[in-house]
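Okay, so here's the structure we're looking at.
Computed from heavy atoms alone, side chains included, the values below leave out hydrogens, waters and symmetry copies.
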Amino acid sequence: MAEGVAERRAAGELEASVLAALWAADGPQTVGQVQHSLAVELARTTVTTALTRLFGKGAVGRERSGRGFAYFPVQDTHGLTAQRMHHELDKDHDRQTVLARFVSDLDPEDERILRDLLGSGDGQ
């Protein structure tokens, strides 16, 4: 890598940082507000791109704020993890095999939790 060129962030790291900033905020945040709350200095266009991608994925919502938008998270971290799990499951045509493999790889405590959730029927 050339000297002075920043290393690329791991996939999803920027989006995770942006989401963390939105979760920590008291309300919807503009691109500039998110940019200033991040631990690293990033270009406004980089933050805008991350927010636009998160909006496209349904992870954040937005409302008009002046000439731009203010963004807010639509789910907490647990909901977002569940959404990603559903997305991965939807990628495979053989859901039964995927679910069977997932369950067979659970540790005993996670398996007990899943059985309790399925037995209660509330899913929460």
Would you please name every residue forming a salt bridge (charged side-chain N to carboxylate O under 4.0 Å, His left out) with Arg53, sequence neighbours left out? none
Should the heavy atoms of other residues, nucleotides or ligands under 6.0 Å from CD of Gln96 be counted, would the total exceed 12? no
With sequence neighbours excluded, residues passing side-chain contact (heavy atoms from CB on, under 4.5 Å) with Val74: Phe72
Salt-bridge test for Glu88 and Arg84: reply yes if a basic N is under 4.0 Å from a carboxylate O, no otherwise. no
Taking the six-membered ring of Phe69 as reference, does the NZ or CZ atom of Arg62 fall below 6.0 Å from its centre and within a 45° cone about the axis? yes
So the salt bridge (Lys or Arg N to Asp or Glu O under 4.0 Å) pairs with at least one residue in residues 14-27 (sequence neighbours excluded) are Glu15-Lys57
Applying salt bridge (charged side-chain N to carboxylate O under 4.0 Å, His left out), name anything that partners Glu109, two or more places apart in sequence or on another chain. Arg112
So, does Arg101 use its side chain to make a donor-acceptor pair with the main chain of Ser104 at under 3.5 Å? no
State plainly whether one hydrophobic cluster holds both Met85 and Val103, where clusters connect Ile, Leu, Val, Met, Phe, Trp and Tyr through side-chain heavy atoms under 4.5 angstrom apart. yes
Are Ile113 and Leu99 co-members of a hydrophobic cluster defined by side-chain heavy atoms under 4.5 Å apart? no
Applying salt bridge (charged side-chain N to carboxylate O under 4.0 Å, His left out), name anything that partners Arg95, two or more places apart in sequence or on another chain. Asp90
Which side chain to side chain donor-acceptor pair (under 3.5 Å) pairs, counting each pair once, include a residue from residues 33-45, with sequence neighbours left out? Thr30-Gln33
Sidechain-backbone polar pair: Gln29 side chain, Gly27 backbone, donor-acceptor under 3.5 Å: yes
